[in-house]
Each structure stands twice: as structure tokens, then as C-alpha cells.
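The structure appears below as C-alpha cells.
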Amino acid sequence: MLYSSTTPEQKRIAMREGLASGTLQQYPGAFNPLSARLIQEKGFSGVYISGAVLANDLGLPDIGLTTLTEVAARAGQIARMTDLPAIVDADTGFGEPMNVARTIQELENAGLAGCHIEDQFNPKRCGHLDGKNVVDLDTATKRIRAAADARRDPNFLIMARTDIRAVEGLEAAQDRARALVEAGADAIFPEAMKTVEEFAAIRAAVDVPILANMTEFGKSELFTYDQLASAGVNMVIYPVTLLRSAMGAAERTLETIKADGTQAASVPSMLTRARLYDLVDYEAYNRFDTSVFNFQVPGTPASA
Ligand SMILES: C[C@](O)(C(=O)O)[C@H](CC(=O)O)C(=O)O
Ligand SMILES: [Mg+2]
């Protein structure tokens, strides 16, 4: 009810325990606070908050147009609606190392469990597109050092993402991953790995948890849970999957209304009123006022 009753500190501890457990942690991407509830209900380990989704949701491309204020506010709205730890995509950290430091503190204040900072140039682009550029090693490590020094909760996860694989190859990615860990990264996000073996190569290069990005229509095949687990991956994200699914369903429903003059044919694939009320915990608000939920939800049997 209302917001989650788990504190950000507890969520960060749970996330750290999950990463240390040896079990692959699955973090689907929430596109709004309500979808974070669904992710929790389905039994996932955590919630991912994608920069691409935050930008696309505003009707913008994912090229670094969103601001720290927007990202921290929306990520905070999502994080507080779930008991699960939430990790947010902080892109390039929103500026110079001093801006990165401020970013970390704002994200801590917003209740996030961690974030990732990448080594792309601005304007950045999706890691699975061609034509990316990465900053030099000195700039990349300064970002991470600033992030690690800025946090106040030692359990807030600083994950370093490197996009260098697509630019300079796998060995360069291994070298950079090692340097980023040296600079204080708690985890590594090797972007746009082509094969499971490439994930295993990054696994071999560093001693910290590593993340696999299973985004659709990208450079990586959609590897299964078992494939990633056997390559030693610790966390997998499905960053844009729910937004793509929801928008795909919305598009089909709009087409149905146009074609049929009614949405009736789409109703069976919709979340029902009862399920929606369930997810927002409607009935629980009766503890404040018993006249809040004193009706039969339309569409449910009288005995339900
Ligand atoms: C993970 C990612 O950074 C994101 O913002 O979700 C994107 C996902 C995507 O664009 O498909 C990425 O750069 O991979
Ligand atoms: Mg992103």
C-alpha cells in the first residue's frame, strides 16, 4: 500500500546478497511505477530502470536529452513502489566527474539501489547501434572514481558500463573492465557482447559481478537464463522489453478500434479492472476509511 515498506538501505543489502549468491539475478525494466509492482509480483530479483525507456516515454530518442532531475524523479517514483532493489541507467553521469558525483547522491536520495555510468561520448546512443564513440581511459576512470567517492551508503552499487567492445574489440573491453574495477566500480556492464563466450571472457577478466543486457533488436542474441548463468553472468536486464510489449499491445488495440468501431476484440488480452485494482492494492485503503472499497468490482463473480 502507498509506497514500499522496505527501506532503500534494506533493498541495497538485498541486491548485494543477490549478486553474491551465485544465482543469476533477473531485473526486467519497469516503464512506470505500476509495472514495477508487476515485476515484484512475478517473483523477479529486482527492477531495472532504462534510460532508453525514460527518454522514449517522454517521446524523445535515447541520446542524452533527459536531465538528472528528470531521471532521478522518475526513477524515484518507480523505486518507491516496489520492495525490490531498483537499478537505474545514469547514462554518462550527466556531465563532468563533479556532475557524476552529484548524480550518485541524487540517486541515493531517490532511493535507488545502484546505477550504471558508461564511457560513451556525448551525445550518446543506444549501445547496440553502430557508430558509437568512447572516451579515453583517463576520462572513463575519473567518472567511476568520482561516483565511488560520492556515495554515502557503501551498499549503493556503482556499476561501470563500457561500450568499448564495439569500437576497439573484446581485448580492449577486458582491459577497460579491469581498469574500471581498479577505479572503484562494484560491477561491470560490458555492452553489446556478441556471444556467450564474450561474456565469459569478461567474467574471466574481473572479480566483480557482471551484467548482461538482453535488449531486443540489438547486437546480442537473446541468450537464455541458463546460457548466461553458465557463462558466469550475475545479473541480466530486459531493459525495454515491457515498454515494447505494452506499446505493441496499445498499437494493436488502437488498430482494432479503428477497424471494428469498438475495442471489444482486444478486451481478452487486457489487464482486467480487478487485476488493476489488485496491483494498486485498492482494497487495503479501507484501513483509512471503510467507505473507500465497499463495492463489487465489475466483471468479478459475486462470491469473489
Ligand atoms: C540498456 C540501455 O542503455 C537502456 O537505456 O535501456 C539501452 C537499451 C536499448 O536501447 O535497447 C542500450 O544502450 O543497450
Ligand atoms: Mg541506456
Side-chain angles (χ1 to χ4, degrees), residues 25-32 35-36 39 44 46-68 70-72 74-75 78-79 86-95 100 103 107 112-135 140 143 147 157-167 173 176 180 185 187-194 198-199 202 209-223 228 233-248:
Q25 305 291 296
Q26 290 176 297
Y27 279 54
F31 60 91
N32 63 12
S35 62
I39 292 167
F44 287 93
V47 169
Y48 179 70
I49 303 169
S50 150
V53 167
L54 294 188
N56 296 168
D57 191 53
L58 293 168
L60 301 171
D62 180 22
I63 52 176
L65 288 168
T66 48
T67 66
L68 169 59
E70 287 172 330
V71 170
R74 187 59 168 166
I78 295 173
I87 289 191
V88 65
D89 177 355
D91 288 345
T92 55
F94 303 100
V100 174
T103 295
L107 296 178
L112 277 301
C115 70
H116 60 77
I117 308 272
E118 70 202 36
D119 59 1
Q120 282 202 59
F121 257 96
N122 257 322
K124 55 141 298 153
R125 59 177 64 183
C126 163
H128 289 254
L129 296 177
D130 293 328
K132 288 188 295 182
N133 277 312
V134 291
V135 295
R143 280 183 193 165
L157 191 85
I158 308 285
M159 180 182 290
R161 161 169 154 178
T162 179
D163 284 68
I164 205 168
R165 159 72 186 89
V167 186
R176 185 152 289 198
L180 292 167
I188 293 291
F189 173 169
E191 179 62 310
M193 298 286 107
K194 289 204 171 135
E198 293 197 354
F199 282 110
I202 300 294
I210 64 167
L211 175 147
N213 175 11
M214 290 294 102
T215 195
E216 303 83 12
F217 317 110
K219 300 271 183 215
S220 304
E221 250 177 76
L222 299 180
F223 302 120
L228 294 170
V233 172
N234 307 83
M235 179 183 286
V236 53
I237 56 170
Y238 310 93
V240 194
T241 308
L242 296 190
L243 179 79
R244 289 190 177 114
S245 302
M247 287 299 286

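Counting starts at 1 for both ligands and their atoms, following the listed order.
Tyr48 counts as a contact of ligand 1, since one of its heavy atoms falls under 4.0 Å from the ligand. Ligand 1 has at least one atom lying under 4.0 Å from a heavy atom of Arg244.
Residue Glu191 comes nearest to Gly127 through the heavy atom pair OE2-CA, 3.4 Å, listed as atom of the first residue, atom of the second, then distance. Taking all atoms of both residues into account, the shortest heavy-atom contact from Phe121 to Val134 is CE1-O, 3.3 Å.
Considering backbone and side-chain atoms alike, Asp89 places an N or O below 3.5 Å from some N or O of ligand 1. In terms of polar-atom proximity, defined here as any N/O pair under 3.5 Å, Ala52 does make such a contact with ligand 1. By the 3.5 Å distance cut-off applied to N or O atoms, Gly51 is counted among the residues near ligand 1.
A 4.5 Å side-chain heavy-atom check between Ile164 and Lys132 finds every atom pair outside the cut-off. Two residues are said to be in side-chain contact when any heavy atoms from C-beta on lie closer than 4.5 Å; Asn213 and Phe189 meet this criterion. Here the side chains of Lys219 and Arg165 are not in contact, with every heavy-atom distance at 4.5 Å or above. The shortest distance between side-chain heavy atoms of Asp163 and Lys124 does not fall below 4.5 Å.
Within the listing of ligand 1, atoms 8 (C), 9 (C), 11 (O) sit less than 4.0 angstrom from a heavy atom of Thr215. Proximity to Gly127 (heavy-atom distance under 4.0 Å) selects the following atoms of ligand 1: 12 (C), 13 (O), 14 (O).
At the shortest separation from atom 1 (C) of ligand 1 among protein heavy atoms lies Asn213 ND2, 3.5 Å. Atom 10 (O) of ligand 1 has its closest protein heavy atom at Cys126 SG, 3.0 Å. The protein heavy-atom contact nearest to atom 6 (O) of ligand 1 is Ser50 OG, 2.6 Å.
Closest to atom 3 (O) of ligand 1 by heavy atom, among Met214, Arg161, Glu118, Glu191, is Arg161.
Ring-plane geometry between Tyr48 and His116 is classed as parallel, the angle between the planes falling under 30 degrees on a 0 to 90 degree scale with a further cut at 60.
For Asp89, the nearest N, O or S atom to the Mg ion (ligand 2) falls under 2.8 Å.
Between Thr162 and Asp119, the side chains place a donor N or O and an acceptor N or O closer than 3.5 Å (distance only, hydrogens not considered).
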